[in-house]
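Just so you know, these numbers use all the heavy atoms, side chains as well, and skip hydrogens, waters and symmetry mates. Every value quoted in this text rests on a predicted model; they were computed, and no experiment measured them. Throughout, a chain's letter reflects where its sequence line sits, starting with A, and its residues are numbered from 1.
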Amino acid sequence: MAEITQRRSPLGGRAEARDINIPDGGTPGVALQHRTGLCITQAAAYPGCDAALRASLAEIAGSEPDARPNRSVAAPAGRLIWTGPAQYWLVTEDPQNPASDLAEATAETAAITEQGHGRVCLRLSGRDARLVLAKGSTIDFHPSHFAAGDCAQTGLLSVSCLIDCIADEDSAPGVGPVFDLYSARSTAEHFLEWAIEAAAPHGCRILTPGSGIAAP
Amino acid sequence: MTHYSVWSLIKGGLTGQKNWTRAWRDPEPKSSYDVIIIGGGGHGLATAHYLAKLHGVTNVAVLEKGWLGGGNVGRNTTIVRSNYLLDANAHFYEHSLKLWEGLSDDLNYNVMFSQRAVINLAHSKPQLDGFARRGNAMLLNGIDAELLDRDGVQAMVPYFDYSESARFPIYGGLMQRRGGSARHDAVAWGYARSADARGVDLIQNCEVTGFRIEDGRVLGVETTRGFIGAQKVGMAVAGHTSHVAAMAGLNRLPIESHKLQAMVSEGLKPLINQVYTFGAGHFYISQSDKGGLVYGGDLDGYNSYAQRGNYPLIEHVHAAGMALMPSLGRLRLTRHWAGVMDMSMDGSPIIGMTPIEGLYLNAGWCYGGFKATPASGWCFAHTIAQNRPHALNEAFTLNRFETGAQIDERGAGPIPGAH
Amino acid sequence: MFIIKCPYCGERDVTEFSYGGDATRAYPQDPAQATPEDWHAYVYERDNPRGWHVEWWQHSQGCRQWLKLRRNTLTHELGRTALPHEPLSPDDDEGSDA
Amino acid sequence: MIGDQLRRHPTLGGALDRSKALRFSFDGQRYSGFQGDTLASALLANGVTLLGRSFKYHRPRGVMSIGSEESNALAELRTGARREPNTRMTQIELFQGLEAQSQNRWPSLNLDLLSINGLVAPFLAAGFYYKTFMRPRGFWEKYEYFIRRAAGLGRASGEADPDRYERIHRHCDILVTGAGAAGLAAAKSAMQAGARVAILDEREAPGGWLRFDRNLIEGAPATVWLDETVAALRAADNVTFLTRTTAFGYYDHNLITAVERVQDHRAVPDPHKPRQRIWTFRAKQVILATGAVEQPLAFADNDRPGVMLAGALRGYLNAYGVMAGHKAVIFSNNDHAYRTALDLIDAGGAIEAVVDVRPSPAGDLVRAVRDRGVRVYTDSIVSHAKGGHALQACDVTPRGGGRPETIECDALGMSGGWNPAVHLHSQTGAKLDWRDDPGCFVPATAKWPCVSVGAANGDFQLADCLANGSEAGAQAAKASMGGTTATAVPGVRAFREERPHPIWEVPLGPDRRGKRFVDFQNDVTVEDVELAHREGFVSVEHLKRYTTMGMATDQGKTSNIAGLAIMARLRDKPIPEVGTTTFRPPFTPVSIGAIAGQERGQHFQPLRRTSMDDWHAENGAVFQNVGLWRRPHYYPHAQEDVDDASRREVTATRGAVGVCDVTTLGKIDVQGPDAAEFLNRIYANGFAKLPVGKARYGLMLREDGMVFDDGVTSRLGETRYLMTTTTGNAGPVMAKLEFYLQTVWPELRVRITSVTEQWAGFSVAGPKAREVLQDVIDIDISDGAFPFMAAAECRFAGAPARLFRISFSGERAYEVNVAADHGAEAWALTVAKAQALGGSVYGLESLGTMRIEKGHVAGTEINGQTTADDLGLGGMLSSKKEFIGKAMTGRPAYLAPDRQKLVGLRPVDGATWIKAGAQLIEDGAAAPPVQMLGHVTAVAFSPELNTPIALALLSGGMARAGAALEAAYPLTGESVRVRVVSPHFLDPEGTRMHG
Ligand SMILES: Cc1cc2nc3c(=O)[nH]c(=O)nc-3n(C[C@H](O)[C@H](O)[C@H](O)COP(=O)(O)OP(=O)(O)OC[C@H]3O[C@@H](n4cnc5c(N)ncnc54)[C@H](O)[C@@H]3O)c2cc1C
Ligand SMILES: NC(=O)c1ccc[n+]([C@@H]2O[C@H](COP(=O)([O-])OP(=O)(O)OC[C@H]3O[C@@H](n4cnc5c(N)ncnc54)[C@H](O)[C@@H]3O)[C@@H](O)[C@H]2O)c1
Ligand SMILES: Cc1cc2nc3c(=O)[nH]c(=O)nc-3n(C[C@H](O)[C@H](O)[C@H](O)COP(=O)(O)O)c2cc1C
Ligand SMILES: [Zn+2]
């Protein structure tokens, strides 16, 4: 029997490495990278079970998610991101898919839903990354308002997007702030093209697609 | 009143325009009237005109809180059409269109009713089939309709995006050739002048602040200029219906007030010679005789009595405009404004009686009441004068929702913002 | 262009939200007991106030929470926001939750 | 000689970089200018004064102002697809190779045949068209044709705009609009207090009137302070400093929108950059420092080229080194305009006279002008400007009357005083106060956290602008972030200025001739205002609409106040009682492209694509848009059209197997101990007892009892369900479910999540469907183990999958969901297997055909106007439980026997196609209005039955079974005789799908 082995992202072949509007010897204002092979496990607690869910997540991911809205933490297994009231995303890398373990651990307390195939992830970094985000979203991206460990679900031009700040000017000096942007797969092409257009005036380097969710 | 004709114009030119008299008087309110119409918008003024002209009721006052025509009649995008699907709407709006066709003559006032055609654009085969359903219904109801294919549209206006790769490729459209536009202010002024000439008192800066009702019968209205008695009172206050009706104890009507914005570009030489609606993108456009592109889109999307719009809708409308017509990019928006719409629960109007004797209601026009102005006034005058609705408006009752007889042209259901 | 305070996400632009209409109407507690008049009132009738209005909004591009919001339909000033089960009325005189 | 910049002063002109000469053309004529010029300044430097034609009378016009208030000098800029009509020459920055054309003239600017309108002007008074063109009846469109051609201004290119635009959003503590003296002072003190500041100015260089006037600050030329301040602001990292950026709208909750002309000063924009960019500023505090607009005076023929605002005359000299005239006259009602006389004299020009309406002006500047030997006519007016295409002279008449004195001149600087630019303040709906001295409206209390400072607040003295600006900046910083720092205010010499004398219209001279323009662009004169008054259009809003005053592209920046003041005089009322018209955005016109921003082309409502989209495209699918998705409509082979292709696809499916992409169906994951109860309340039919491993068709109603949506919901586990919705309703259903769960039944232990994106879906239908799937699915799918309506989680060729034995086509069918990143491969594998068995892929057309054959309802029947009963689904409504919409289903109109209900149709001749959208009537020959009994909702050709078939909604429904009707399509004159039959055309017992 034939086996399907490879995951195929809608950005496959569309986000290959190249430079856009970078003068010779100049430095890009931003870098974009397509992050591949991510597992996204959504865990949503039933009424009254938030604390129990967080405890289960701590067990599986190695640290507890921040209970505060719009906060994300780096856990040993991946990133834990608040995505709604009593609801979190655990973002991990293939092949470590924690979904079934988590489902087992939370059978009474939470609904576990996989979302990794439904989203694409672009990593946006660099000096002008905050300006690029401001072309799509109305959130305040000033470093005093949106720094490492902050995340937000918002609109980015015409689509919804989860923005996770995984490093900022302080934590990643020289790199500039780093954001992971998660958006729906069905509009992935538009999402990528929009990001490239918004980044182009600043000089944009598209990096070879990569895997992993760790901060640079 | 000076009769308007070429001769009066020549005389004006020769006398330094000194021959003209006031278009309407500025009377003090009398202590009572046979009929009071609340609201000096298109519908209120038309009602007064037809009351006087067709029913001999001339002891009438129109009370307007601001200036005549300052409401929605003075801020709408002037599309006139009768391309409706459902019978009740079709017959009513076709009656209106016929009145439009003779209106300048009737009023001795050029309302610039321009039958330049209204075209609804279709962007898929199923959408075109839906239009065909409506077009066929129109023809069977005796209303003109034509189905256009892409080439047919392109022959009329070359500037849209006809490419296959357009985000919303154009498949064709439903055209009503007799539809078009009119000079909105002139409609209010023409009706006002004609009603005034027939003895109607037009009273501006006179806001109705309450009703005097005894034993379930209306006796008159309280206003910022004192109490004014009346045998009968008709409400035609469009976006302010809930507010005014509540003064008469008619609380909780099937109406929400929403706001609709409109925009005009800088003046241009003729570019678009018909009226186009791009429903899939929530956008419509025509060009005024002065040269401005007049365009708009959807409601702002939340209840509001503010005659000011917000920016997200402006962004959306302009993006939609660019999708349809990519050459718009280098043209410029000159002004945008808003009006307060009386959105009903099925998108159709209410013209008729109320539970209070002598009190009549004309409301629920949503964003389509300008084209209804003549028929609305005509039917409302009939309803008030005869104390019963005309066949043309008998379906548009206030209590139709209780029986489930809503007239929901779009099938959007009881979500007023969605009609 | 409003800034709406989501109980979870804080102040966000109105473009992230979608409107849900009058929040003072209540879905009949016991649907079986509700009379046709109750249903008619719930489905079709609105206060439609010119002034303070309590209304539903959903933070649809954010955390997807439905919330109640006090807003003045004449001036577009905003008052408090509340979660669905928290009380909030049009004449709640607390100006805002600042 | 033209082209030599003969009017250029040898040294003056702070805005110019004389080392960079630029060539440009106007109406094909070539000229030169300098870097830093505007098109207006460069043309003036070349002695060109005739720049445009007016809207109605086609009067020759020159330039009137030096800023965005310009109403005369409009041009078409650039050519081809980049042509931009109605561009204000005062704002066009010169660039190498610039091409501009005059507009609204034919055949040329010099010889404009429509200037004949000027001759018949006495007959074309305001509103004349309302009084004529009424006969013969129905002839209006014929007149209109010519009127439309005469009206309008510039020409649109009609070609797609080739440039890019973008939007950007910015939060700040303080936004300062306007970088004149007041705005800069405000920004500086706010910056020093540490606030996040943004400051913007619509001009290419900051400074406002500091660049156009000669002033001393701390004893040095004001430009020294200007340069230092700008440098400090630009260097600060808490400040965003934008020039060429116009704040054009002020919306709720302190949102200010501004347009930055990023590359309009370049011939062709850098393709990587936007041509223009819209900024939306969300500020805690707004400081409006937008300055003031000088007002013209309404004297006879005040529109002759050469007549301009006194400040403009001065500004062109100081900033651009343009001596707009050699013999100038100044006509003023205030002291400030005397600066123009002083500056012109100091630059070597000649001032023939200053005409002042005031009886005995004696302020510092007046004295200085007199000291230079200039003749000052006091208590006098300019009663008539003379000349044709250029000003030649003017008549000066004593105010009390008397003989005019004609003074030869080639430039006339007029000043009717200054009006604060309150536009942004007023756009919010905030009120204005009238200030008698100097006679202008100033902002009253702001609506949102905002103050106006400097000339925008009626403070015209530079010292006040600097002091008040500085204070406002500090206060705003305090309000938005606490703490303050005191800022030193630079010292400025204050001139003693006397009160201006308001004079809104200037009496005609003894010759009683000439037009006194109030609104230059729309050709509205004093007489028009008087006519409006005579006819009862006395409210300022009526005045505006009757005369069109203030409705041109300048929105009355230089005309509204005069117009309403004249009306106030006619009505014998004070000006504030007459009021102003409503201020609306934008402050100046904004490109439609800029507002659309990046939301253009494929970025406008971006298309949604399924995992298999690339496959479809590569395999020749013809697509159809459904909502935001694109889906294969059919897959033509060679020359096939849609009907051929679909017939082949259906035949292959019914005969062997077909595969169809159904990814777009909404999918909602419903989990929790109370999930069954939740579904039971949502759906009209029962869901409480659905066993694990089973799927069920569910019907949802709206609260008003109409059908809302339908779909299959499967129970995948004890507490886990997967709901599907129609493609179009996925979003609305999800929001509704969240609404009920969060607000009505918060006690239910249920969580729901959209998983539409997570799973790719395809259906495999036909007698060989199981054969295709059985060796790629890891569970037993034999009929016994996996019967009709079974559902299970499984693996598809090793990939996570879900399998449902459900059928829309009426065949034995399976729906496969595969984790979306595996969708393309799973699909390709399945298609290959299907094709090997004689099967095919199929698209929407075939999907439609097969559902019609089965009488399944879809979007054209679930149209918001149908009840469950209408659709033949009345039996599904549960009588045992409550569900959404139940209470409304019993209303009389919903039960009426003549409601239109679902039926099937066949052509009586068995061959003629019925058309979707046809109306059903009894008698095809009847004359309108014809009673319609229903309409055709969907049509298909059934290969199996070898006949066209249709679904319809018909009054009375199946009660009419067997009847013959006309399916009338009068749009094309077609009509088909049809017979009413059951909508279940094929296999009504469902033996095929049960297998
Ligand atoms: C932007 C926009 C675009 C539109 N486009 C179209 C279109 O293209 N085609 C179309 O057919 N329709 C259109 N409409 C809808 C149309 O303008 C209205 O439905 C119609 O004008 C309403 O009727 P009216 O003229 O009587 O209302 P109005 O002109 O609003 O008259 C109501 C009057 O009542 C007065 N009033 C209110 N309260 C009181 C009180 N207490 N006392 C005294 N007077 C009071 C108001 O001041 C107002 O003058 C549009 C509307 C808007 C805002
Ligand atoms: N004494 C008088 O009668 C008199 C009269 C007029 C002007 N003045 C002089 O004018 C100056 C007033 O200073 P000020 O700072 O208040 O005004 P200003 O006119 O010097 O500066 C205002 C600035 O705002 C900009 N601007 C206006 N609207 C804008 C918008 N919507 N978007 C972006 N930018 C916009 C203008 O381009 C200008 O640069 C002083 O120098 C004063 O001496 C004096
Ligand atoms: C069909 C139509 C055309 C218009 N054309 C213009 C125009 O050319 N110029 C302009 O300034 N305003 C134009 N307006 C807008 C009016 O100036 C005004 O904004 C509108 O009547 C609403 O009134 P308000 O802004 O005073 O509230 C137009 C309005 C309509 C309805
Ligand atoms: Zn939120």
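- D/Leu74 has its side chain out of reach of B/Glu266: every pair of non-hydrogen atoms, C-beta onward, lies at least 4.5 Å apart.
- B/Lys269 NZ to D/Leu153 CG: the interatomic distance, rounded to the nearest 0.5 Å, is 7.0 Å.
- Residue B/His91 touches chain D through its side chain alone, counting heavy-atom pairs closer than 4.5 Å.
- No donor-acceptor distance shorter than 3.5 angstrom exists from the side chain of B/Arg332 to the backbone of D/Thr588, with no hydrogens or angles considered.
- Looking at B/Ser288, only its backbone comes within 4.5 Å of chain D, counting heavy atoms on both sides.
- Looking at D/Ile862, neither its backbone nor its side chain comes within 4.5 Å of chain B, counting heavy atoms on both sides.
- Residue D/Met888 does not touch chain B at all, counting heavy-atom pairs closer than 4.5 Å.
- For B/Gln204, the part lying near chain D is the side chain, with the backbone staying farther off; criterion is any non-hydrogen pair under 4.5 Å.
- Here B/Tyr4 contributes atom OH and D/Phe133 contributes atom CZ; the two are 15.0 Å apart, rounded to the nearest 0.5 Å.
- When all heavy atoms of D/Ile592 and B/Leu333 are compared, the closest pair comes out as CG1-N, 4.0 Å.
- Nearest heavy-atom pair across D/Met932 and B/Asp87 is CE-OD1, 3.8 Å.
- Options B/Glu146, B/Gln307, B/Arg183 differ in how many heavy-atom pairs under 4.5 Å they form with chain D, and the most are formed by B/Arg183.
- Residue contact with chain B, scored on non-hydrogen atoms closer than 4.5 Å, involves the side chain of D/Leu531 exclusively.
- Residues D/Val540 and B/Trp67 have side chains not in contact (no heavy-atom distance under 4.5 Å, counting atoms from C-beta outward).
- No donor-acceptor pair closer than 3.5 Å links the side chain of D/Glu541 to the backbone N or O of B/Gly66.
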> Could you go step by step and tell me if B/Trp189 and D/Tyr130 meet the ring pair (Phe, Tyr, Trp, His ring centres under 6.0 Å) rule?
Replying inline: CA-CA 10 Å; B/Trp189 300 339; D/Tyr130 302 128; 5.6 Å; yes

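- Remark: side-chain polar atoms of B/Asn136 are paired, donor with acceptor, to backbone N or O of D/Gly917 under 3.5 angstrom.
- A donor-acceptor pair under 3.5 Å links the side-chain atoms of D/His542 to the main chain of B/Leu68, judged by distance alone.
- With salt bridges taken as basic N to acidic carboxylate O contacts below 4.0 Å, none links B/Glu101 and D/Arg137.
- Side-chain contact between D/Ile921 and B/Leu140 is present, with heavy atoms from C-beta onward closer than 4.5 Å.
- How far OG1 of D/Thr87 is from CZ of B/Arg330: 9.0 Å, rounded to the nearest 0.5 Å.
- For the pairing with D/Met134, the side-chain contact (heavy atoms from CB on, under 4.5 Å) check across B/Val6, B/Leu107, B/Asn108, B/Val111 returns one residue only, B/Asn108.
- Contact of B/Pro158 with chain D is not made at all, since no heavy-atom distance falls under 4.5 Å.
- For B/Ala338, the part lying under 4.5 angstrom from a heavy atom of chain D is the backbone only.
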> Yes or no on ring pair (Phe, Tyr, Trp, His ring centres under 6.0 Å) for B/His336 and D/Tyr251, after CA distance, side-chain angles and deciding distance?
Replying inline: CA-CA 12 Å; B/His336 70 82; D/Tyr251 300 87; 5.8 Å; yes

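- The closest donor-acceptor contact from the side chain of D/Gln555 to the backbone of B/Arg335 lies at 3.5 Å or more, if one exists at all.
- B/Lys125 touches chain D through backbone and side chain together, each having a heavy atom under 4.5 Å away.
- For B/Tyr295, the part lying under 4.5 angstrom from a heavy atom of chain D is the side chain only.
- Annotation for D/Ala893 and B/Ala405: closest pair CB-N, 3.6 Å, computed over non-hydrogen atoms.
- For chain D, no part of B/Ile143 is nearby; none of its heavy atoms comes within less than 4.5 Å.
- Both the backbone and the side chain of B/Ala320 come within contact range of chain D, judged by heavy atoms closer than 4.5 Å.
- Of the possible donor and acceptor atoms, none in the side chain of D/Arg584 sits under 3.5 Å from a partner among the backbone N and O of B/Thr334.
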>> Let's go through B/Trp24 and D/Phe537 carefully: what are the C-alpha distance in whole Å and the side-chain angles of both, what is the deciding distance for ring pair (Phe, Tyr, Trp, His ring centres under 6.0 Å) to 0.1 Å, and is it a yes or a no?
In response: CA-CA 9 Å; B/Trp24 51 79; D/Phe537 294 89; 5.3 Å; yes

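- If you measure heavy-atom distances from B/Ile415 to chain D, you find no contacts under 4.5 Å at all.
- Looking only at distances, a side-chain donor or acceptor of D/Arg891 sits under 3.5 Å from a matching main-chain atom of B/Phe401.
- Heavy atoms closer than 4.5 Å to chain B are found in the side chain of D/Ser539, but not in its backbone.
- Using a 4.5 Å heavy-atom threshold, the side chains of B/Leu9 and D/Phe123 count as separate.
- Judged by distance alone, with hydrogens and angles left aside, the side-chain atoms of D/Glu144 form no donor-acceptor pair with the main-chain N or O of B/Asp289 at under 3.5 Å.
- Between the side chains of D/Gln602 and B/Arg167, no donor N or O sits under 3.5 Å from an acceptor N or O.
- Contacts with chain B were tallied for D/Tyr546, D/Phe128, D/Tyr165; D/Tyr546 has the most, counting heavy-atom pairs under 4.5 Å.
- With a threshold of 4.5 angstrom between heavy atoms, B/Ser114 approaches chain D through its backbone and through its side chain.
- The backbone N or O of D/Lys131 sits nowhere less than 3.5 Å from a side-chain atom of B/Asn110 that would complete a donor-acceptor pair.
- Rounding to the nearest 0.5 Å gives a distance of 7.0 Å between CZ of B/Arg75 and OG1 of D/Thr582.
- Interface remark: B/Met322 contributes side-chain atoms only to the contact with chain D (heavy atom separation under 4.5 Å).
- At a 4.5 Å heavy-atom cutoff, the contact between B/Asn273 and chain D is made by backbone and side-chain atoms alike.
- Of all the heavy atoms in B/Arg308 and D/Gln427, the pair that sits closest is CD-O, 3.3 Å.
- Between the side chain of D/Arg148 and the backbone N or O of B/Gln287 there is at least one donor-acceptor pair closer than 3.5 Å.
- If you measure heavy-atom distances from B/Arg410 to chain D, the contacts under 4.5 Å come from the backbone alone.
- Shortest non-hydrogen contact noted between D/Tyr894 and B/Gln406 is OH-NE2, 2.9 Å.
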